[in-house]
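Reviewing the structure listed below.
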Amino acid sequence: MTPDQRQQFFERLQAANPHPGTELHYHNTFQLLMAVMLSAQSTDRRVNQVTQPLFEQLKTPADVLALGLPALESALRQLGLYRTKARHVYATAQILEQHHGGLVPATREALQALPGVGRKTANVVLNVAFGQPTMAVDTHIFRVANRTGLAPGKTVLAVETTLLQVIPPSFLNHAHHWLILHGRYICRARKPDCGLCPVMDLCATGGSLV
DNA sequence: ATCCCGAGGG
DNA sequence: CCCTCTGGAT
């Protein structure tokens, strides 16, 4: 894809979603971190169903510790990987309480040192909560980048590096959500809706997946 | 490479 | 039944 095509690509995704943002529900940075941790291999729709009642009680790491691990695990039962997620969220709350004054750290190093927080989750928090121009490559973005030819790569890190190089700077801050929304609703994994795709003429598949 | 692991869609 | 969903740890 040429630089001009990439410019077109994001201009059209922007036109389709003028004010993109995460579809995860949260009221503060700690809840954002928790919601992103819970979103692994789960639809954010289900994450929101789980967090909607839960976040009325859990507003701080101390609230998580007060709830206790067994009750937390029980509250997360509807999510896949729920035992692992409960353990990680609880252990993360402990560390935030003991070493970060109950706050979510704003550096990649400190974030990825938290149990259950890897590069992708750290990138989301750094971008959404702290406004940094990171590129969190999730299942949607990995697929869209490869399928369209925007940023082909065999690993998520390779795709992340390429995306940071090829995305026009003015689009970088919101590129994460534009690519996610495109992958979630149009460039779907199983049955992509090329008929509704605003960038079909720029795509490496040329709409041949329909 | 494998495990974790519920729910929805096809 | 199989595939997929804003992954991370071992």
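Naming: A, B, ... by sequence-line order, numbering from 1 per chain. These values consider heavy atoms only, across backbone and side chains, with no hydrogens, waters or symmetry-generated copies.
When the P atom is used for both C:dT6 and B:dC3, the distance is 24 Å, rounded to whole Å. With P as the reference atom, B:dA7 and C:dG8 are 22 Å apart, rounded to whole Å.
C:dT6 atom P lies 4 Å from atom CZ of A:Arg184, rounded to whole Å. Atom-to-atom, CG of A:Leu79 to P of C:dG8 comes out at 15 Å; the value is rounded to the nearest Å. The CZ-C1' distance, from A:Arg87 to C:dT10, rounds to 11 Å in whole Å. If you take CD1 of A:Ile180 and P of C:dC5, they are 10 Å apart, rounded to a whole angstrom. At whole-Å resolution of the value, CZ in A:Arg143 and P in C:dT4 are 9 Å apart. Summarising the geometry, the separation between NZ on A:Lys120 and P on C:dC5 is reported as 12 Å, rounded to the nearest angstrom. Protein atom NZ of A:Lys191 is 15 Å distant from nucleotide atom P of C:dT4, rounded to whole Å. Atoms OH (A:Tyr26) and P (C:dT6) sit 16 Å apart, rounded to a whole Å.
Other residues, nucleotides and ligands contribute only 12 or fewer heavy atoms inside 6.0 Å of the NE2 atom of A:His27.
Remark on DNA chain C: of its neighbouring residues A:Ser42 and A:Gln112, the 5'-side contact belongs to A:Ser42, judged by nearest-heavy-atom nucleotide. Heavy-atom distances to DNA chain C give each of A:Val128 and A:Arg190 a nearest nucleotide, and the one nearer the 5′ end belongs to A:Arg190. The residue among A:Arg45 and A:Gly80 whose nearest nucleotide of DNA chain B is located toward the 5' end is A:Gly80.
Here the side chains of A:Leu126 and A:Arg108 are in contact, with some heavy-atom distance below 4.5 Å.
Closest to the side chain of A:Thr121, out of C:dC2, C:dG7, C:dT6, is C:dG7. Across C:dC5, B:dA7, C:dG7, the shortest atom-to-atom separation from the side chain of A:His140 is found for C:dC5. Picking from B:dA7, C:dC2, C:dT6 the nucleotide with the shortest atom distance to the side chain of A:His176 gives C:dT6. Listed nucleotides B:dC4, C:dT6, B:dG8 differ in distance to A:Arg46; the shortest reach to its side chain belongs to B:dG8.
Between A:Gln78 and B:dG6 there is no side-chain polar atom (N or O) within less than 4.0 angstrom of OP1 or OP2. At least one side-chain nitrogen or oxygen of A:Arg83 sits closer than 4.0 Å to the OP1 or OP2 atom of B:dC5.
Atom CZ of A:Arg143 and atom CG of A:Asp138 lie 8.5 Å apart (nearest 0.5 Å). Summarising the geometry, atom SG belonging to A:Cys203 is positioned 7.5 Å from atom CZ belonging to A:Phe9; distances are rounded to the nearest 0.5 Å.
With hydrogens and angles ignored, no donor-acceptor pair under 3.5 angstrom links the side chain of A:Thr43 to the base of C:dT4.
Here A:Leu114 lies in heavy-atom contact (under 4.0 Å) with sugar-phosphate atoms only. Using a 4.0 Å heavy-atom cutoff across all strands shown, A:Val156 reaches no nucleic acid atom at all. Residue A:Ala136 is out of contact with every strand shown, counting any heavy-atom pair closer than 4.0 Å.
Under a hydrophobic clustering in which Ile, Leu, Val, Met, Phe, Trp and Tyr are joined whenever their side-chain heavy atoms come within less than 4.5 Å, directly or via other members, A:Met200 and A:Trp178 fall into different clusters.
Among A:Thr162, A:Ile141, A:Val124, the one residue that satisfies the side-chain contact (heavy atoms from CB on, under 4.5 Å) test with A:Met135 is A:Ile141.
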